[in-house]
Amino acid sequence: MDGAGPVAARTLDVGPGGMSAVIAEPVPTGKKGKVLFELFYDGAAHIIEARVSVSHCIFSSAGFKVGLTFQQLDMAVSSAISKFMR
């Protein structure tokens, strides 16, 4: 998140509008930041970088489930997510 160091997360889901992940510590709704994650498509792994905002953060037995909404995706990232979803 903006103003903080990197945080490890486990991705649960990804789609054209955003993604969900599990993290160890809570994050305030509305907080903005950047995510880097890997998608596998076309026989290779691709690193994806996108700006996000936190839509929700709820406690679960695995940690905190965070909903992240993509902000102004560029065409290359949108295309990569579409290819991954096929």
Side-chain angles (χ1 to χ4, degrees):
M1 298 280 95
D2 292 343
V7 174
R10 183 172 56 90
T11 304
L12 299 174
D13 193 16
V14 64
M19 62 189 301
S20 61
V22 175
I23 59 175
E25 299 293 326
V27 182
T29 300
K31 186 81 172 167
K32 295 190 182 313
K34 176 176 70 173
V35 293
L36 271 75
F37 59 98
E38 188 175 66
L39 291 179
F40 190 83
Y41 63 89
D42 291 342
H46 302 269
I47 303 297
I48 305 300
E49 182 176 332
R51 295 285 304 162
V52 295
S53 65
V54 177
S55 60
H56 64 273
C57 181
I58 57 173
F59 178 74
S60 74
S61 60
F64 290 87
K65 290 184 180 179
V66 180
L68 301 167
T69 303
F70 293 135
Q71 303 294 303
Q72 302 174 352
L73 284 181
D74 64 36
M75 186 58 88
V77 172
S78 291
S79 176
I81 292 170
S82 294
K83 287 178 183 178
F84 172 75
M85 293 179 63
R86 285 187 210 152

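For the single chain, residues carry numbers from 1 onward in sequence order.
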Can you give the donor-acceptor pairs under 3.5 Å from side chains of residues 67-80 to other protein atoms, not counting sequence neighbours?
residue : atom : partner : partner atom : Å
Gln71   : NE2  : Ser53   : OG           : 3.1
Gln71   : NE2  : Thr69   : O            : 3.3
Asp74   : OD1  : Ala76   : N            : 3.2
Asp74   : OD1  : Val77   : N            : 2.8
Ser78   : OG   : Asp74   : O            : 3.4

Quiz item: Taking all non-hydrogen atoms of both residues, which atom of Ala9 and which atom of Ala21 are closest, and how far apart?
Solution: CB-CB, 4.1 Å

Practice problem: Can you see which heavy atom on Val52 is nearest to which on Met1, and at what distance? | Solution: CG2-CE, 4.1 Å

Quiz item: In Å and rounded to the nearest 0.5 Å, what is the CD to CD1 distance from Glu25 to Ile23?
Solution: 8.0 Å

Self-check item: Counterpart residues, ring-ring contact (aromatic ring centres under 6.0 Å, His included), relative to Phe40 (two or more places apart)
Solution: none

Exercise. Start with the C-alpha gap between Val27 and Phe64, add the side-chain angles, then the distance that decides, and say whether side chain to side chain contact (heavy atoms under 4.5 Å, CB included) holds.
Key: CA-CA 8 Å; Val27 182; Phe64 290 87; over 6 Å; no

Quiz prompt | Those residues that, when tested against Val22, pass side chain to side chain contact (heavy atoms under 4.5 Å, CB included) (two or more places apart) | solution = Arg10, Leu12, Ala62, Lys65

Quiz item: Can you name the ring-ring contact (aromatic ring centres under 6.0 Å, His included) partners of Tyr41, sequence neighbours left out?
Solution: His46

Quiz prompt | Asp42 versus Lys83, closest heavy-atom pair with distance | solution = OD2-CD, 3.8 Å

Quiz item: For Pro16, what residues pass the side chain to side chain contact (heavy atoms under 4.5 Å, CB included) criterion, not counting sequence neighbours?
Solution: Met85

Practice problem: May I ask you to test the Val35-Met19 pair for a side-chain heavy-atom distance under 4.5 Å? | Solution: yes

Quiz prompt | Asp2: side chain to side chain donor-acceptor pair (under 3.5 Å) partners, not counting sequence neighbours | solution = Arg51

Exercise. Can you measure from CD1 (Ile48) to CG (Leu36) and round to the nearest 0.5 angstrom?
Key: 9.5 Å

Quiz prompt | Cys57 to Val66 - nearest heavy-atom pair and separation | solution = SG-CG2, 3.9 Å

